Colleague: 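Pasting a structure here, questions to come.
Owing to the predicted nature of the structure, the values given are computational and were not obtained by experimental measurement. Chain letters run A, B, ... following the sequence lines, proteins first and then strands; every chain starts at 1.
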Number of protein chains: 2
Amino acid sequence: MTHAARFDGMDWTDAPCPVARTLDLVGDRWSLLIVRDAMDGARSFGDFQHRTGIARNILSDRLRRLVERGILDRQPAPSGRRQVYVLTEAGRDLFAVVVAMRQWGERHAFAPGEVHSVLVDDDGLPLAELRPTDSHGSTVTTDTTTVVPPHDD
Amino acid sequence: MTHAARFDGMDWTDAPCPVARTLDLVGDRWSLLIVRDAMDGARSFGDFQHRTGIARNILSDRLRRLVERGILDRQPAPSGRRQVYVLTEAGRDLFAVVVAMRQWGERHAFAPGEVHSVLVDDDGLPLAELRPTDSHGSTVTTDTTTVVPPHDD
DNA sequence: GCAATCAGTTGCATTTTGCTACCAATCAGG
DNA sequence: CCTGATTGGTAGCAAAATGCAACTGATTGC
C-alpha cells in the first residue's frame with residue numbers, strides 16, 4: 001500500500017493531535033497486544049489467537065485493520081501455512097510505545113512482590129527506563145512542556 | 001486510596017504481562033486522551049468534555065475509573081467549582097507513554113506537509129526522540145530484545 | 001482416502017458507547 | 001428573594017463493538 005492510502009477514508013477523532021491519531025490507529029483493546037506479540041515472534045493467526053486469547057472474529061478484523069493501516073504486512077508463507085503477518089517499519093517503530101507501556105505497568109500495575117514478564121536485551125539485562133528529554137538530553141516533565149497548536153506560517 | 005486497593009477486584013487480561021495490565025487500566029478509547037488533556041492543564045469536567053468531545057456519561061464513567069485506578073485524584077476545588085481532577089504521581093508517570101504515542105503519530109499518522117500540534121520544552125523546542133536503550137545506553141530494537149516469562153526462583 | 005488442524009466466517013447474545021433530554025446545585029444580577 | 005445562565009452530572013434508549021460457539025473450506029499428516 002502507498003503511504004497516502006493509509007489516510008483515505010479515515011475520520012480522525014482529533015485531527016491535529018498526534019496522540020489522538022495514534023489512538024485512532026492502535027487505541028483499541030487488542031491492537032497493541034497483537035503488536036506486542038508480533039514483536040515477540042508471533043506470525044500466524046493461531047500464534048496471535050493463543051497468545052492473546054482474543055475471539056477469532058475480532059482477531060480476524062484486527063489483523064485486517066492493522067494491515068490496512070500499514071502496521072502489519074500480510075505475506076504468503078514461505079511454505080506450509082497460508083500466510084504470515086509481519087510488522088512493517090511503522091509497526092516496528094511502535095516499539096517505544098510498547099516499551100513505555102511495559103515500564104509503566106511494571107511500576108504501577110503490580111503489587112509489591114508480584115512477578116511479571118521482563119523485556120531483556122541480548123545480555124539478558126533489563127532495558128534502561130525511557131525518559132523524555134529535551135534536545136540537550138535534560139529530563140522534561142508535564143510541568144516543563146507545553147502543547148502548541150498547529151499553525152501555518 | 002491505598003496502593004493495594006488498586007489491585008482488588010481487577011480481572012487482568014493477561015496477568016503477568018505489564019503491557020497487558022497497562023492496557024487494562026488505560027487502554028480504552030478515551031482514557032489516554034483524558035490523561036493527555038490533564039497533562040496539558042485540563043482540570044474540570046467541562047475542560048475534559050470540551051477538549052475531547054467525549055459523551056458526558058462516558059466522561060463521567062472514565063473520570064471515576066481513572067480515580068479508582070489511582071491515575072487521577074478528585075479534589076474539592078479551592079473555590080467556586082465543585083471539584084477538580086488532577087494527575088497522581090502514577091498519572092504523571094504516563095508522560096513517557098503519551099510522548100511515545102505523540103512521536104509515533106507525528107512520524108506515521110500525518111500526510112507529508114499536514115500540520116499538527118507540537119509538544120515543546122520551556123525553550124519552545126521540540127523534545128528529543130524517545131529511544132529504547134539497554135543499560136549502557138545503546139539503542140535496542142525488537143530484534144535485540146526478548147520477553148522472558150516470570151519465574152519464582 | 002480420512003482424520004486433524006489451521007484460518008478464518010457467520011449468527012446471535014451481551015456489553016459498551018453515544019446521543020439527547022433531564023435534573024440538581026451554584027452563581028450573578030437586579 | 002427571584003430569575004436565568006452555567007456547571008456537573010444522571011437516565012433512557014438506540015447503535016455499535018465485542019465475545020462465544022458453531023460452521024466452512026483448504027491443507028497436512030498418515
Side-chain angles (χ1 to χ4, degrees), chain A residues 9-15 20 23-38 41-69 71-87, chain B residues 9-15 20 23-38 41-69 71-87:
Chain A
M10 268 312 271
D11 50 337
W12 307 102
T13 300
D14 181 0
L23 287 167
D24 277 335
L25 292 171
V26 295
D28 66 294
R29 186 75 199 68
W30 293 111
S31 292
L32 278 176
L33 290 177
I34 292 170
V35 168
R36 171 202 65 178
D37 289 336
R43 322 233 127 208
S44 68
F45 189 93
D47 286 346
F48 293 107
Q49 213 274 313
H50 288 119
R51 298 200 197 199
T52 60
I54 183 174
R56 289 164 128 51
N57 53 346
I58 306 298
L59 175 58
S60 181
D61 181 68
R62 288 301 174 276
L63 290 172
R64 181 168 32 246
R65 276 177 26 178
L66 289 170
V67 170
E68 277 172 13
R69 295 169 178 192
I71 290 161
L72 290 177
D73 188 23
R74 183 182 195 161
Q75 299 175 348
S79 84
R81 289 183 174 77
R82 294 176 197 167
Q83 61 268 307
V84 292
Y85 299 90
V86 291
L87 290 166
Chain B
M10 271 308 276
D11 50 335
W12 305 104
T13 301
D14 180 1
L23 288 167
D24 276 335
L25 292 172
V26 296
D28 67 293
R29 187 71 198 73
W30 293 111
S31 292
L32 278 176
L33 290 177
I34 292 170
V35 169
R36 171 203 65 178
D37 289 334
R43 322 236 126 199
S44 67
F45 189 93
D47 285 347
F48 292 106
Q49 213 273 314
H50 287 120
R51 297 200 198 199
T52 60
I54 183 175
R56 290 164 119 57
N57 54 345
I58 305 300
L59 176 57
S60 182
D61 182 69
R62 288 300 173 278
L63 290 172
R64 180 167 35 244
R65 277 178 29 180
L66 289 170
V67 170
E68 276 171 14
R69 294 168 179 193
I71 291 161
L72 290 178
D73 188 23
R74 184 183 192 160
Q75 300 175 348
S79 81
R81 289 181 175 77
R82 293 177 197 170
Q83 62 268 310
V84 293
Y85 299 89
V86 292
L87 291 166

Colleague: So what does A:Phe48 hit on the nucleic acid, given a heavy-atom distance under 4.0 Å: a base, only sugar-phosphate, or nothing?
Modeller: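 Answer is nothing: A:Phe48 stays at 4.0 Å or more from every strand.
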Colleague: Using a heavy-atom cut-off of under 4.0 Å over every strand shown, decide if A:Arg74 touches base, sugar-phosphate, or nothing.
Modeller: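 Sugar-phosphate only.
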Colleague: Send over the distance from B:Arg51 CZ to D:dT7 C1', rounded to a whole Å.
Modeller: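 Result: 16 Å.
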Colleague: So, using side chain to side chain contact (heavy atoms under 4.5 Å, CB included) as the criterion, who are the partners of B:Asp37 when residues are at least two apart?
Modeller: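 Partners of B:Asp37 under the side chain to side chain contact (heavy atoms under 4.5 Å, CB included) test: B:Ala42, B:Phe48, B:Arg51, B:Thr52.
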Colleague: If the condition is salt bridge (charged side-chain N to carboxylate O under 4.0 Å, His left out), which residues does A:Arg74 pass it with, not counting sequence neighbours?
Modeller: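 A:Arg74: no salt bridge (charged side-chain N to carboxylate O under 4.0 Å, His left out) contacts found.
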Colleague: What pairs with B:Arg65 under side-chain hydrogen bond (donor to acceptor under 3.5 Å, both in side chains), at least two apart in sequence or on another chain?
Modeller: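 If we apply the side-chain hydrogen bond (donor to acceptor under 3.5 Å, both in side chains) test to B:Arg65, skipping adjacent residues, there are no hits.
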Colleague: Give me the bend of the helix from C:dG1-D:dC30 to C:dG30-D:dC1, using the axes of the five pairs at each end, rounded to 10°.
Modeller: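 Nearest ten degrees gives 30° for this helix.
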Colleague: As a test of reading the structure: which of C:dT9, D:dG9, D:dT10 is closest to the side chain of B:Phe45, going by heavy atoms?
Modeller: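 Closest nucleotide to the B:Phe45 side chain: D:dG9.
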Colleague: Using whole Å, what does the distance between atom C1' of nucleotide C:dC6 and atom CD of A:Gln49 come to?
Modeller: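 Rounded to the whole Å, the gap is 11 Å.
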Colleague: Could you pull out the protein-nucleic contacts involving nucleotides 18-22 of chain D (nitrogen or oxygen on both sides, under 3.5 Å)?
Modeller:
unit_1	atom_1	unit_2	atom_2	d
D:dT18	OP1	A:Arg62	NH2	3.1
D:dT18	OP2	A:Arg62	NH2	2.2
D:dG19	OP2	A:Trp30	NE1	3.0
D:dG19	N7	A:Asn57	ND2	3.4
D:dC20	N4	A:Asn57	OD1	3.3
D:dC20	N4	A:Asn57	ND2	2.5

Colleague: Between B:Leu72 and B:Val35, does the side chain to side chain contact (heavy atoms under 4.5 Å, CB included) criterion hold? Intermediate values first, please.
Modeller: CA-CA 8 Å; B:Leu72 290 178; B:Val35 169; 5.7 Å; no
Colleague: Once side chain to side chain contact (heavy atoms under 4.5 Å, CB included) is applied, do any residues pair with A:Asp73, and if so which ones, sequence neighbours excluded?
Modeller: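 Side chain to side chain contact (heavy atoms under 4.5 Å, CB included) list for A:Asp73, sorted by chain: A:Gln75, A:Val86, A:Thr88.
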Colleague: Would you please name every residue forming a salt bridge (charged side-chain N to carboxylate O under 4.0 Å, His left out) with B:Arg62, sequence neighbours left out?
Modeller: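 Salt bridge (charged side-chain N to carboxylate O under 4.0 Å, His left out) list for B:Arg62, sorted by chain: B:Asp28.
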Colleague: For C:dA7 and A:Arg43 - does any side-chain N or O of the residue sit under 4.0 Å from the phosphate oxygens OP1/OP2?
Modeller: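 It does not, given that no N or O in the side chain of A:Arg43 lies less than 4.0 Å from OP1 or OP2 of C:dA7.
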Colleague: In whole angstrom, what separates B:Gln75's CD from D:dG8's P?
Modeller: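 After rounding, the reported distance stands at 15 Å.
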Colleague: Which one of A:Ile34, A:Leu33, A:Leu32 satisfies the side-chain contact (heavy atoms from CB on, under 4.5 Å) criterion with A:Arg36?
Modeller: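 That would be A:Leu33.
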Colleague: How far apart are the closest heavy atoms of A:Asp47 and A:Gly41, and which atoms are they?
Modeller: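 Looking at all heavy atoms of both residues, the closest pair is OD2-O, 4.4 Å.
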Colleague: Between B:Arg64 and B:His50, who's closer to the 5' end of DNA chain D by nearest nucleotide?
Modeller: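 It is B:His50, whose closest nucleotide lies nearer the 5' terminus.
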Colleague: May I ask you to verify if any side-chain N or O of B:Tyr85 is less than 4.0 angstrom from the OP1 or OP2 atom of D:dG9?
Modeller: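 B:Tyr85 to D:dG9 OP1/OP2: side-chain N or O found under 4.0 Å.
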Colleague: Report yes if at least one side-chain N or O of A:Ser60 is closer than 4.0 Å to OP1 or OP2 of C:dT9; otherwise report no.
Modeller: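 So the side-chain polar atoms of A:Ser60 do come within 4.0 Å of the phosphate oxygens OP1 or OP2 of C:dT9, strictly under.
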Colleague: D:dT7 phosphate, OP1 or OP2: any side-chain N/O from B:Gln83 under 4.0 angstrom?
Modeller: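 Indeed not, no polar side-chain atom of B:Gln83 lies that close.
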Colleague: Considering residues at least two apart in sequence or located in another chain, which fulfil the side-chain hydrogen bond (donor to acceptor under 3.5 Å, both in side chains) criterion with A:Arg56?
Modeller: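 Per chain and number, A:Arg56 pairs via side-chain hydrogen bond (donor to acceptor under 3.5 Å, both in side chains) with A:Gln49.
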